[in-house]
Amino acid sequence: MGRGIILSIINHKGGCGKSTVTVNLADALARTGKKILVVDMDPQSNTSSVFVPPSKMQMRYCLYEFFDKETANIPVEALIYPTDYANIYCLPNTDDTSALESEIITGAPTSLQLLRDRLRGYATENFDYTILDNPPNMGSFVYCSLFASDFVIVPIKASSVFSLKGLAKAMQRIEEVQNNGNRNLRFLRLLINMLDKRTLISRSVLAQVKDSFDSEMIFETSIPINTAFDRAEANLESVLRYDSACAGAKAFKDLAKELTSIIGVDGYGRAKAEA
């Protein structure tokens, strides 16, 4: 398979749609034949509820066991589950994992590199893309993700000026991690999410983004407001599975194509990651 790519989805602010982006980007990439690993770094476990729903699957181990010192000897592959989505595998999470954050903090800097040291090699050898869904903060779990990642995607909510502040915080964290152990980490693109061009606030935020960032820092594809996302979430499904013909599903298919073209098989992304 060769060497895969690890992507972190981050934003300091909540409500930007990080889990929605993770679930649907994973499904869209998987539908192109790529083998995908999704790692749910958020103890809220929204992504896990889609890919490893308790009603359908028995979860013996999860991210808690990965970070807990007492279970550190469990092999990584035992934490990863096949899903009922073709080509998608998941390392799920549980709200209990939040109790380990203080342990990770006190164990820094070594603990912040656990994901890189224990997961990165396995993920890049066995999957085309690994997507890390992160909590809405810049805490220890996000640092763990950034130390393990090649690239960062930052979704921003088109109707919120606060998510722009979250973007600034994310850029600061990326630079900090670059300077402290992962010099190959790169900001890939920001993703404009929940866009409704009919509203003044969406148009205003969109204009601010385009004024503040070069075009190569922004995905050409934006994700529109679409009620199908809410219905899919209620069904614990990706929007592509719920309604593959809706505007939201089409946008994620376009995003997957754009992402693949940016990174390439042996192009921009891999060259940067291995530079």
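The model shown is predicted, which means the values in this text are computed figures rather than measured ones.
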(Q) Under the criterion side-chain hydrogen bond (donor to acceptor under 3.5 Å, both in side chains), I'd like the reasoning laid out for S145 against N134: C-alpha separation, chi angles, the key distance, then a yes or no. (A) CA-CA 8 Å; S145 292; N134 286 282; 2.6 Å; yes
Q. So do the side chains of F252 and D27 get within less than 4.5 Å of each other, counting heavy atoms only?
A. no
Q. Just wondering, do F147 and L114 contact through their side chains at under 4.5 Å, heavy atoms?
A. no
**Q.** For V154 against A170, the heavy-atom pair lying closest together
**A.** CG2-CB, 4.0 Å
(Q) Could you tell me if R241 sits above the aromatic ring of Y85, with its cationic atom closer than 6.0 Å to the ring centre and no more than 45 degrees from the axis? (A) yes
Q) Are D133 and N93 side-chain neighbours, meaning at least one heavy-atom pair lies under 4.5 Å? A) no
Q) Taking P92 as the fixed residue, which of V50, T47, V52 is the one that meets the side chain to side chain contact (heavy atoms under 4.5 Å, CB included) rule? A) V52
Q. What is the distance from atom CG of D150 to atom CG of N182, rounded to the nearest 0.5 Å?
A. 7.5 Å
Q | Non-hydrogen side-chain atoms of N24 and F229 separated by less than 4.5 Å | A | yes
(Q) Using only atom types and a distance under 3.5 Å, with no angle test, would you say the side chain of R3 pairs donor to acceptor with the backbone of E125? (A) no
Q: Identify the heavy atoms of Y61 and A78 that sit nearest to each other, and give their distance.
A: CD1-O, 3.8 Å
Q | T130 side-chain N/O to I6 backbone N/O, donor-acceptor pair under 3.5 Å | A | no
Q. Testing N11, V21, I9, I156 for side chain to side chain contact (heavy atoms under 4.5 Å, CB included) with C16, which one passes?
A. N11
Q: Evaluate the ring pair (Phe, Tyr, Trp, His ring centres under 6.0 Å) criterion for residues F141 and F67: first the C-alpha distance (whole Å), next the side-chain angles of each, then the deciding distance (0.1 Å), finally the verdict.
A: CA-CA 10 Å; F141 292 118; F67 283 108; 5.7 Å; yes
(Q) Please give me the minimum heavy-atom distance between M138 and V142, naming the atom from each residue. (A) SD-CG1, 3.8 Å
**Q.** Exercise: identify the closest heavy-atom pair between L7 and S149
**A.** C-OG, 4.2 Å
Q. For the residue pair G181 and R116, what are the closest heavy atoms and their distance?
A. O-NH1, 3.6 Å
